[in-house]
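First the structure, in the form of structure tokens, and then the observations on it.
A note on names: the letters A, B, ... follow the listed sequences, proteins ahead of strands, and every chain is numbered from 1.
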2 protein chains.
Amino acid sequence: MNDTPSPDDGAPVKVRKAERTRQRILDTSLRLFREVGYEATTMRRIATEAEVSLGNAYYYFRSKDHLIQEYYGQAHREHLVACRSLLEEETDLRARLAGVLHAKIATSEPYHRFAGQLFRTAADPTSPLSPFSPESAPVRTEATELMARIVDESETRVPKVLRPELPNLLWLYLMGIILFWIHDASEGAERTHRLIERTVDIVVRLISLARLPVLRPLVQTAVSLTQELRQLAAPALPEASS
Amino acid sequence: MNDTPSPDDGAPVKVRKAERTRQRILDTSLRLFREVGYEATTMRRIATEAEVSLGNAYYYFRSKDHLIQEYYGQAHREHLVACRSLLEEETDLRARLAGVLHAKIATSEPYHRFAGQLFRTAADPTSPLSPFSPESAPVRTEATELMARIVDESETRVPKVLRPELPNLLWLYLMGIILFWIHDASEGAERTHRLIERTVDIVVRLISLARLPVLRPLVQTAVSLTQELRQLAAPALPEASS
DNA sequence: GTCTATAACCGGATAGAC
DNA sequence: GTCTATCCGGTTATAGAC
């Protein structure tokens with residue numbers, strides 16, 4: 001993006017100030033999202049509380065939606081931190097998967113209400129906030145890599161048919177859990193945590209069962225489904241920008 | 001614009017006029033949704049083209065969203081009509097299921113763009129437009145009954161474990177197909193139709209496989225998942241009937 | 001050329017007169 | 001039941017400051 005010039009001499013004062021302004025707007029908006037939700041967080045309020053003008057906020061973030069992409073990134077980084085020790089110490093696949101999922105829900109909890117309202121926008125396939133959108137590709141890729149790591153560094157051996165697509169399938173599974181969580185009004189998302197416990201068993205079992213000939217067609221479908229989904233997300237439209 | 005006085009007795013002239021105004025707004029909005037999509041259809045434009053004032057449109061429909069519940073009902077009725085003969089003549093489960101799904105996509109096609117934008121709102125769990133919301137219960141129930149009919153009047157015998165929840169599972173499957181279709185930009189939704197062809201086989205096969213002991217836990221989870229979902233939608237609110 | 005501010009525009013929604 | 005006038009919030013245009 002911008003040059004980060006030498007830390008010592010005089011020039012970068014401006015740059016730094018801009019960076020600080022940007023950060024102030026970002027922090028303020030993330031705080032407001034948490035505290036008062038998505039709808040009550042107006043651009044005017046973000047600007048006021050960050051002590052910039054409305055127009056200035058728009059100088060740094062093209063739209064309210066763009067502010068949210070930042071939330072995605074931050075949420076993912078927090079998730080990684082929360083998972084770190086588990087992924088280093090645990091080798092059992094079931095425990096690794098369950099731990100990562102529980103951590104995702106737990107770290108997202110402060111944003112629960114926000115996520116619900118946000119989802120309204122994110123669900124629109126044409127929205128840049130859709131988890132399937134090109135704009136979300138970076139976070140999506142990172143999250144998928146996390147799924148790969150869960151499996152790769154575990155003791156479990158994955159049947160060949162599944163291996164290449166398993167991380168994507170697990171990412172879809174994570175999206176499903178998040179979708180459930182968004183709708184889950186129970187105390188401390190307790191229901192979602194129970195859902196994770198129950199479904200993780202099934203998922204791990206299915207990974208082994210994938211070897212069974214009876215299930216071959218099922219596995220094939222699941223695999224080709226993720227491929228199909230990827231194509232939906234990246235439709236070959238060389239489109240003139242409007 | 002001019003009164004068509006009551007054929008029978010005197011009183012209901014006003015009532016009829018109101019009904020006609022309401023209908024005019026509704027027709028105009030559904031037409032605009034089809035023709036120009038959701039976002040380009042402003043309340044101001046609906047009002048203008050229906051030849052009422054903006055405020056008057058809001059008198060009949062509390063919000064733009066409420067206009068859309070009307071679309072749901074209409075879409076379902078069109079679907080039923082499109083399925084009728086198939087359901088009367090065909091007895092093979094696979095053919096029945098595939099036919100009903102293809103018909104859903106086909107009858108929805110004129111509203112494809114609209115549905116994509118609409119989905120943005122419908123995905124919000126707090127929105128009355130969510131397919132899981134109490135407000136959507138009537139259409140949801142009808143659609144689930146349609147799923148029950150597909151199975152009940154077919155030749156296939158459903159394993160006991162599955163029987164009570166199968167219609168709900170199939171409804172969820174339909175929601176999944178619709179979700180895919182919303183993202184599907186291929187010509188004539190060709191991709192979605194292919195997806196239906198491929199997944200219907202799996203679904204029908206799974207219905208028989210549900211008997212296998214190895215799959216028992218999977219089936220259990222699927223069943224309890226639909227129950228869990230129903231609870232999410234209806235969080236123990238003892239509500240006064242309105 | 002980078003930043004900041006003010007004044008609009010637009011569309012959903014509401015208030016209140018008639 | 002119908003209207004006009006207005007609010008409110010996302011977004012843009014644009015003028016000027018550094």
Among residues 25-38 of chain B, which ones have heavy-atom contacts with DNA chain D below 4.0 Å? none
Strictly below 4.0 Å: does Thr21(B) bring a side-chain N or O up to OP1 or OP2 of dT2(D)? yes
Between P of dG12(C) and CZ of Phe61(B), the distance in whole Å: 15 Å
Grab the NZ-P distance between Lys64(B) and dC8(D) for me, whole Å please. 21 Å
To the nearest Å, give me how far apart CG (Leu54(A)) and C1' (dT14(D)) are. 14 Å
Using a strict 4.0 Å threshold on nitrogen-to-oxygen distance, state whether Arg194(B) and Glu190(B) make a salt bridge. yes
Sequence neighbours excluded and cut-off under 3.5 Å, please list the side-chain donor-acceptor pairs for residues 71-78 of chain A, or say none.
from, atom 1, to, atom 2, distance (Å)
Tyr72(A), OH, Leu129(A), O, 3.0
Gln74(A), NE2, Glu78(A), OE2, 3.4

Tell me whether the count of non-hydrogen atoms from other residues, nucleotides or ligands lying under 6.0 Å of CD in Glu35(A) goes above 12. yes
Quick one: pull up CZ in Arg22(B) and CG in Asn56(B) and give me the separation to the nearest 0.5 Å. 12.5 Å
Starting at CE of Met43(B) and ending at C1' of dT14(C), how long is that distance when rounded to a whole Å? 12 Å
Ignoring the backbone of Tyr59(A), work out which of dT4(C), dT11(D), dT14(C) is nearest its side chain. dT4(C)
Judged by nearest nucleotide, the residue sitting upstream toward the 5' end of DNA chain C, Glu51(A) or Arg44(A), is Glu51(A)
Let's go through Glu49(B) and Arg45(B) carefully: what are the C-alpha distance in whole Å and the side-chain angles of both, what is the deciding distance for salt bridge (Lys or Arg N to Asp or Glu O under 4.0 Å) to 0.1 Å, and is it a yes or a no? CA-CA 6 Å; Glu49(B) 301 209 6; Arg45(B) 184 157 173 196; 3.1 Å; yes
I need the NE2-C1' distance between His66(A) and dG10(D), as an integer number of Å. 14 Å
Given atom CG of Asp65(A) and atom C1' of dG10(D), what is their separation to the nearest angstrom? 10 Å
Is there a side-chain contact between Phe180(B) and Arg191(B) (heavy atoms, below 4.5 Å)? yes
How is Ser53(B) classified with respect to the nucleic acid when contacts are heavy atoms under 4.0 Å: base, sugar-phosphate, or nothing? base
Without placing hydrogens or testing angles, list every side-chain donor-acceptor pair under 3.5 Å for residues 104-111 of chain B, not counting sequence neighbours.
from, atom 1, to, atom 2, distance (Å)
Thr107(B), OG1, Ala103(B), O, 3.0
Thr107(B), OG1, Lys104(B), O, 3.2
Ser108(B), OG, Lys104(B), O, 2.7
Glu109(B), OE1, Trp181(B), NE1, 3.0
Glu109(B), OE2, His112(B), ND1, 3.3
Tyr111(B), OH, Arg34(B), NE, 3.0

I want to verify a distance call: between dT4(C), dG9(D), dA13(C), whose nearest atom is closest to the Thr42(A) side chain? dG9(D)
Looking at dC3(C), dG10(D), dT2(D), which one has an atom nearest to any side-chain atom of Asn56(A)? dC3(C)
Tyr58(B) has an atom OH; how far is it from atom P of dT4(D), in whole Å? 16 Å
Heavy-atom nearest nucleotide on DNA chain D taken for Arg45(A) and for Gly55(A); more 5' hit belongs to Arg45(A)
Between C1' of dT2(C) and NZ of Lys17(A), the distance in whole Å: 11 Å
